[in-house]
Structures are given as structure tokens and as C-alpha cells.
Amino acid sequence: MACFNVRLGRFTESVIRRMTRVADECGAINLSQGFPDFDPPLELRQALAEVALRGPHQYAVTWGASAFREALAKKQSRFMGIPIDPDSHIVVTCGSTEAMLAAMMTVCNTGDGVIVFSPFYENYGADAILSGAEPIYVPLRPPYFEFDRKELKRAFDRKPKAMVLCNPSNPSGKVFTKEELEYIAGLANDSGAFIITDEVYEHIVYPPNRHTYMASLPDMFDRTLSVGSLSKTYSITGWRLGYIIAASPIIAEARKIHDFVTVGAAAPLQEAAVTALSLPDSYYGELLEGYRERRDFFLRHLDRAGLKYYVPQGAYYVLVDISDFRWKDDVGFCERMAREVGVAAVPGSSFFHEPVNHLIRLHFAKSIETLKEAGERLAFLREKM
Ligand code: GLN
């Protein structure tokens with residue numbers, strides 16, 4: 001029997017992505033893996049068609065094509081409220097998935113601790129293990145997914161190397177308040193830890209909640225690795241365009257990892273995406289309005305189906321409580337639900353460090369027609385499960 005890397009024995013393939021395969025197999029509406037079923041902006045698709053004819057079709061600069069970095073720096077400086085230098089503060093990656101792993105590998109040595117709030121997006125556990133680090137889980141408690149300040153302080157007392165902060169949060173939909181972020185920043189400053197943010201849902205924050213960028217808080221730019229992506233903001237999850245924004249000494253190291261792992265993100269897609277990054281502010285208002293409408297529409301269907309859930313403050317996921325179905329196993333529940341009800345969800349246990357199996361995650365990044373059909377199917381959930 002071949003002897004593989006022992007780290008690989010500590011996690012499985014992604015449950016989120018497995019549920020997409022289950023959905024495809026049984027023809028269920030896929031509300032598991034979070035991606036839209038509607039098109040990216042027309043201007044962006046047109047730009048892609050032009051690039052197909054005009055090029056470039058060869059490698060871009062490994063840390064990102066200069067036109068892309070310039071457009072990204074301009075856009076993020078505007079939203080984050082801090083000056084971002086396209087030449088020294090950015091590395092463009094193959095999605096935020098690569099960015100997160102590269103960020104962890106940039107700061108962690110074997111045995112370092114990395115604080116992760118639970119529930120968490122499932123990649124973080126695997127990323128920490130692959131970088132040789134040990135996750136230190138701190139619970140976020142429903143209904144508002146708040147953390148206990150003393151508990152978080154105790155985690156920082158263990159001198160972690162970094163903390164991962166997904167804001168707005170997947171899967172809970174929590175949006176961290178400025179006060180919460182200031183408290184976390186204080187702990188990071190006192191202990192010398194880096195903060196690695198995942199802010200891919202930065203533009204999907206439902207009022208009155210507001211997004212605060214960790215890197216924009218006083219003294220935090222130098223210790224924050226801001227991970228972002230174009231996937232959710234421009235509905236192009238398949239383009240795999242992400243990035244890390246951080247201070248120059250951090251980016252200089254992160255570039256090395258990126259260079260040797262992937263060489264670079266797809267050059268033609270970076271070129272076309274300059275059009276997206278240059279869209280006016282009104283685009284982001286419309287994006288949010290579209291998601292607010294989908295959220296409210298979908299939650300009304302959950303109400304009609306008599307389901308209990310936690311109202312998301314941001315992002316496009318909702319955790320639904322399935323306790324009254326009295327199933328022991330949320331994985332089995334989701335598989336049966338996909339086959340019998342025709343709607344695919346992600347079992348909540350894949351997001352929790354604690355033994356939680358009474359929640360499932362549904363997403364609403366779908367057209368109103370798709371959500372209507374899913375809602376009608378979910379009305380039979382109680383009957384069929
Ligand atoms: N972020 C999305 C989710 O949580 C998609 C994840 C992925 O497969 N890259 O479903």
C-alpha cells in the first residue's frame with residue numbers, strides 16, 4: 001500500500017462540490033454549491049468575445065496582468081478607503097480558493113495555530129492543514145452568530161500565527177460590526193497575529209448592515225491579507241479570478257507561492273475582467289438590490305414551507321434548522337432531499353467543528369424563476385422527508 005502525505009488523511013473532498021454532483025445526477029435544483037444561474041453583465045461578455053479575437057492568449061505577468069491590477073487597485077482603493085498600489089500590494093490568483101491557501105502558506109510554519117470561527121467555509125480547515133498549521137476553532141453562536149469575547153481572547157492567548165475572518169460570512173450570513181472587528185484587531189495587534197480575510201461577498205451586505213474592511217482599520221493594513229474574488233461580484237465563478245491585497249513585504253512572499261503553484265491566472269480572462277472592474281458604482285447598488293429581492297423572495301417561500309432559519313445579514317446563503325424532522329444525519333437528509341424533493345442543499349455538519357447536524361445550507365444566487373420552482377418543491381419537504 002502506497003504511503004501518502006499524512007495531512008491528506010485529515011480531510012475529505014469538499015462536501016459542497018460533492019453535492020453539486022449529486023444534484024446533477026438526480027436533476028435537482030442546485031441550491032448547494034453557491035453560484036448563479038444568471039449571466040454576468042453584458043459588457044463583460046462582450047469584452048470576453050473581443051479578447052477571444054484580439055488576445056492576449058499567452059501568459060500574463062505571474063502576479064497579474066498590469067491592466068487588471070491597475071483596475072483592481074482603483075476599484076478596491078475606492079471601496080476600502082485605503083491607497084492600494086497595483087505594483088506592490090496585489091497578487092492575482094486562480095480564484096479566492098488559491099488566494100486563501102497561498103495566504104496561509106505565506107504566513108504559517110508547521111505547527112502554527114490559525115484561529116477559525118465555526119461555522120466556517122469548509123476550505124479553511126483543509127487550507128490550514130495543507131499549510132502545516134493547526135486550526136483553533138472558536139464558535140459563533142446563533143441566532144446572530146456572535147462570538148464570546150473572552151473565548152476569542154483565550155484563543156489569541158495561545159499565540160496563533162493568524163486568524164481567518166470570513167466577512168460577510170459563509171455559511172451563516174453574519175456581517176461583523178465595526179466594533180467586533182475593532183475588538184478582533186486589538187487582539188491581533190496585541191498578539192502579533194495576521195488576519196486573513198475572505199471578503200468575496202463584500203458587495204452583498206443587506207442594509208442596515210454595513211461592510212467594514214479589516215484592512216481599513218487603524219494599523220491593520222500591515223497585518224491583514226485581504227482575500228477577494230470577482231466570482232460573486234460579477235457572477236463569473238467559472239473564471240477563477242481572485243486576489244490577495246496586502247502590504248508589499250507580504251505580497252512579495254505570496255507571489256512566490258503563486259508563481260510556483262499556478263504561474264498565473266488566465267490572461268484572456270484578466271484582460272476581459274478589466275471591463276468589470278471599471279463598472280460604475282451604480283452596478284454594485286443594482287447587484288445588491290437583485291440579491292435583496294432574491295433573499296426576501298426565497299425566505300418567504302421558506303416561511304410558507306414552515307421552515308425555521310437564520311436571516312442572513314449578508315452573502316447569499318441561509319442556514320435552515322431541520323431539528324423537527326428528527327433525522328440523525330444531515331448528510332443522509334440532504335441526499336434524500338435532492339432525490340425526493342428535487343432541491344440540493346449542503347449538510348450543515350460540513351461547516352461546523354462542533355458536532356452539529358440539525359442544519360442545512362441553501363443558497364439563493366438563482367433567478368427568481370428558479371427560486372420559485374425550488375420554493376414550490378420545498379413546500380412538500382415535510383410530506384416527503
Ligand atoms: N463559495 C461557494 C460555496 O460556498 C462555492 C464554493 C466552491 O465550490 N468554490 O458554495
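When a residue number appears, it is its place in the shown sequence, counting from 1. Counting convention: from 1, in listed order, for ligands and their atoms alike.
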Q.
Tell me whether the rings of Y284 and H203 are parallel (<30°), tilted (30 to 60°) or perpendicular (>60°).
A. tilted

Q. Should you measure from each heavy atom of Y317, which atoms of ligand 1 turn up under 4.0 Å away?
A. 1 (N), 2 (C), 3 (C), 4 (O), 10 (O)

Q.
Between ligand 1 and R17, is the shortest N or O to N or O distance under 3.5 Å?
A. yes

Q) Quick one: is the NZ or CZ of R294 closer than 6.0 Å to the six-membered ring centre of Y316, and within 45° of its axis? A) no

Q.
Yes or no: does K232 have any heavy atom under 4.0 Å from an atom of ligand 1?
A. yes

Q: Tell me, with the steps shown, if Y213 and E202 meet side-chain hydrogen bond (donor to acceptor under 3.5 Å, both in side chains).
A: CA-CA 8 Å; Y213 292 89; E202 67 195 306; 2.7 Å; yes

Q) Side chain of R361, backbone of V346: donor and acceptor closer than 3.5 Å? A) no

(Q) Is it true that, when you exclude F38 itself, more than 12 heavy atoms of the residues, nucleotides or ligands shown sit nearer than 6.0 Å to its CZ? (A) yes

Q) Is there any N or O on G34 that sits under 3.5 Å from an N or O of ligand 1? A) yes

Q.
Parallel, tilted or perpendicular: which one describes the rings of Y206 and F364, with boundaries at 30° and 60°?
A. tilted

Q: Examine ligand 1 and decide if any of its atoms is less than 4.0 Å from a heavy atom belonging to F35.
A: no

Q: Looking only at protein heavy atoms, identify the closest one to atom 6 (C) of ligand 1 and say how far it is in Å.
A: Y121 OH, 3.0 Å

Q. Hey, would you say the Y121 and F351 ring centroids sit under 6.0 Å apart?
A. no

Q: State the atoms of ligand 1, each with its element, that fall below the 4.0 Å cut-off from a heavy-atom position in N170.
A: 1 (N), 3 (C), 4 (O)

(Q) Within the structure, is a non-hydrogen atom of Y316 found at a distance of less than 4.0 Å from ligand 1? (A) no

Q. For ligand 1, which atoms have a heavy atom of Q33 less than 4.0 angstrom away?
A. 5 (C), 7 (C), 8 (O), 10 (O)

Q) Numbering the atoms of ligand 1 from 1, which are under 4.0 Å from a heavy atom of Y201? A) 1 (N)

Q.
Geometry only, no angles: is R361 polar-contacting ligand 1 at N/O separations under 3.5 Å?
A. yes

Q: Check step by step if side-chain hydrogen bond (donor to acceptor under 3.5 Å, both in side chains) holds for Y201 and N167.
A: CA-CA 7 Å; Y201 306 99; N167 183 32; over 6 Å; no

